[in-house]
Amino acid sequence: MSDAGPEPDVATVDRRPATASVLLAVGAGIVAIGAAFTGGPVAGAAAATGVVFVAAAGATGYRRALSVGSAILFAGVLLASVSGASPIASLAGMGATVFAWDVADHGLDLGARMGRGADTLRNELVHAGGSLAVAAVGGGLGLGISLATVGGQPVTAIAFLLVGVVLLAAALSD
Amino acid sequence: MRPFDTRRWAGVAAVALVATGVGVLAEQPAAVLAGVVGIAYAAAARVGEAPAPSVDVRRTLSDPTPEPDDEVEVTVVVENAGETLYDLRLVDGVPPGLEVIGGSPRHATALGDGDSTSFSYTVRAARGAHEWGPVRAITRNLSGSWERESRKDVATVLRCTPSLDAGTELPLRGLTSRISGRVGTDLGGPGVEFHSERSYRHGDPAKRIDWKRLARTGDLATMEFRQERAASVVLLVDAREEAYLAPEPGSEHAVERGVDAAGRALTALLSGGDRVGVAALSPTECWLSPGTGRAHRRRAMELLADSPALAPTPPGDGFYVRPAYRRLRKRLPDHAQVILFSPACDDGLARLARRFDAYGHPVTLVSPDPTATGSAGATLATIERRNRLSRLRGAGIRVIDWGDEPLATAIAGARRGWRR
């Protein structure tokens, strides 16, 4: 015997992540794998492992798999960029990594709150478009810095520049 | 509601700094540059706030007054009359008594100024008046770092009144009023079935004189027939929280079945000439005194279909049996009998039934069986209920234990065990 009153449909709503976002995230993950491979097979393998986790999270809605997968993907891309990948590959890999996490996280959130039965395509595409624009601006900025410093300024100078930018951003926000 | 920080981007600046730091330590410019992407995301997360949406929401039903079990399509149109909403999620306030059988009452989209969107879903109509709740609108900024929830009230009501044509005859108990009807009594008088013969009294109608006897013996005698009189009946539906029971989630619960049975009994009893009233055991008031006639019939039907006391979802408030019993006893006409519709899954109800019976209102209990099988607890509940019903039978109350079979079958089965 059980109460039949409150919403019998709660259990039957499909709470898995929204499909378009998951597909975009996996696509971006494949771009990141490609970028990581330019820094060596170990980095590429690590990135691929991360993408497998991200895809698993996208299929099941298991949030921890997304965090772990994104972290591994990030580590793979970082390993590639310290072991000889070109600045362009590094920027593309990092942009694709953060984009993949952003889009997948959005898809998981939509799935958990709206359900897979709901029409969410437009929302997902707009969010992905916004995220892609940020990645493009960030990548373009990095590329500009890399071209401007081709003369051979020391690495620490760039680092100080970036730390300055972070502090500025933090100061402006609060 | 005030906007709040979703903390989505809480770690992205750290990601940027890790990349930069690792790049510095390894003296690799590429890694330092990779940090720029993280900084760009951190900066983007600070852009924009979750907008308070100024949207117009309209909701339309394909049929606002359907029959039970009809499919009704609900269409919600949302128009943005304000700033651009990059992330708008809508959750429609579907009434708890309706089941969504197609589509989804949720929708996520992005709307520019002046844009509109619509989504639709299908619900299965159930008895009662179902009122939609507000549409919940959740907005975020483009990066998803801020979120705000707001509500838009859109009044929509679906009214589903069953057309209760097919009545099911419920056998009544002996207590009757003085009006002629269909309940056989032990009194002699005008009627059909032979009852007794008595000596002639001046004024007896000529057609009831036993002429054969006069011819045989010369005595004048008058034949009497079993009188058939109308009863006064109150259909009492148990709609306490304890009665909202079903064998499994999603299946018809005992209150719904009770109301259905009460509706059929109402039709049959009224067309048989009995006076019928309606009442509910519920925290919400529901009472219609016994009566007859077309208008009364319509009122009773409306009460059964629409009354908030008999809503398809359980009442939130507590309910006390004792004061309700006292109120009902004051209202019940002296010669009224009670037909009680209840799953009888608690002792309070059984006590109430016995008390009515003891104070001269014969009780017939129609009990939709909500018990399930399969687990030890379910079996225990089944046995408890069965014992309770047999104790009630022992106390002289007529019990119709109504399982999955049609009500008429259950009545026929129960009838065999009754004494008059």
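Everything numeric here is computed off the predicted structure, so don't read it as measured data. The figures that follow rest on heavy atoms only: side chains count, while hydrogens, waters and symmetry mates do not. We name chains A, B, ... by the order of the sequence lines, and we start the count at 1 in each one.
Rounding to the nearest 0.5 angstrom, the gap separating the OG1 atom in B:T109 from the CG atom in A:D119 is 7.0 Å. Taking CZ of B:F119 as the start and OG1 of A:T120 as the end, the distance is 12.5 Å to the nearest 0.5 Å. The structure places CE of A:M114 at 10.5 Å from NE2 of B:H107, a figure rounded to the nearest 0.5 Å. The CH2 atom of B:W9 lies 5.0 Å from the CH2 atom of A:W101; values are rounded to the nearest 0.5 Å. Between A:S83 atom OG and B:Q28 atom CD the span is 7.5 Å, to the nearest 0.5 Å.
Contact of A:A85 with chain B is made through the backbone alone, with heavy-atom distances under 4.5 Å. For A:S86, the part sitting under 4.5 Å from any heavy atom of chain B is the backbone (N, CA, C, O) and nothing else. Only the side chain of B:R140 comes within less than 4.5 Å of a heavy atom of chain A; its backbone N, CA, C and O stay farther away. Of the atoms belonging to B:A19, heavy atoms from both backbone and side chain fall under 4.5 Å from chain A. Contact annotation for B:L85: neither backbone nor side-chain heavy atoms come within less than 4.5 Å of a heavy atom of chain A.
Residues A:S131 and B:Y41 share a closest heavy-atom pair of O-OH, 2.9 Å. Residues B:A31 and A:L78 approach most closely at CB-CD1, 4.3 Å, considering heavy atoms. B:V36 approaches A:G142 most closely through the heavy-atom pair CG1-N, 3.8 Å.
Counting non-hydrogen atoms of other residues, nucleotides and ligands closer than 6.0 Å to CG of B:D404 gives a total of 12 or fewer.
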### Task
Apply side chain to side chain contact (heavy atoms under 4.5 Å, CB included) to A:N123 and B:Y86, showing your working.
CA-CA 7 Å; A:N123 182 297; B:Y86 292 107; over 6 Å; no
### Query
Going through the checks in order, is the side chain to side chain contact (heavy atoms under 4.5 Å, CB included) test met by A:S146 and B:L33?
CA-CA 7 Å; A:S146 125; B:L33 280 173; 3.2 Å; yes
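Top candidate by heavy-atom pairs under 4.5 Å with chain A, chosen from B:S104, B:A108, B:A40, is B:A108. For chain B, the option among A:I88, A:D105, A:L143 with the highest count of heavy-atom pairs below 4.5 Å is A:D105. In terms of non-hydrogen atom pairs under 4.5 Å with chain B, the most contact-rich of A:L110, A:V134, A:L125 is A:V134. Highest contact tally toward chain A, considering only B:V15, B:I138, B:L17, is held by B:V15 [criterion: heavy-atom pairs under 4.5 Å]. Of the residues considered (A:V126, A:V82, A:L91), A:V82 shows the highest number of contacts with chain B, using heavy-atom pairs under 4.5 Å.
A:R122 contributes a side-chain N or O that, together with a main-chain N or O of B:A110, makes up a donor-acceptor pair within less than 3.5 Å. Looking at A:H127, its side chain never comes within 3.5 Å of a backbone N or O of B:D87 through a donor-acceptor pair.
Salt bridge B:R8/A:D109: absent, no basic N to carboxylate O contact under 4.0 Å. The existence of a salt bridge linking B:E147 and A:R113 is confirmed by a sub-4.0 Å separation between a basic side-chain nitrogen and an acidic carboxylate oxygen.
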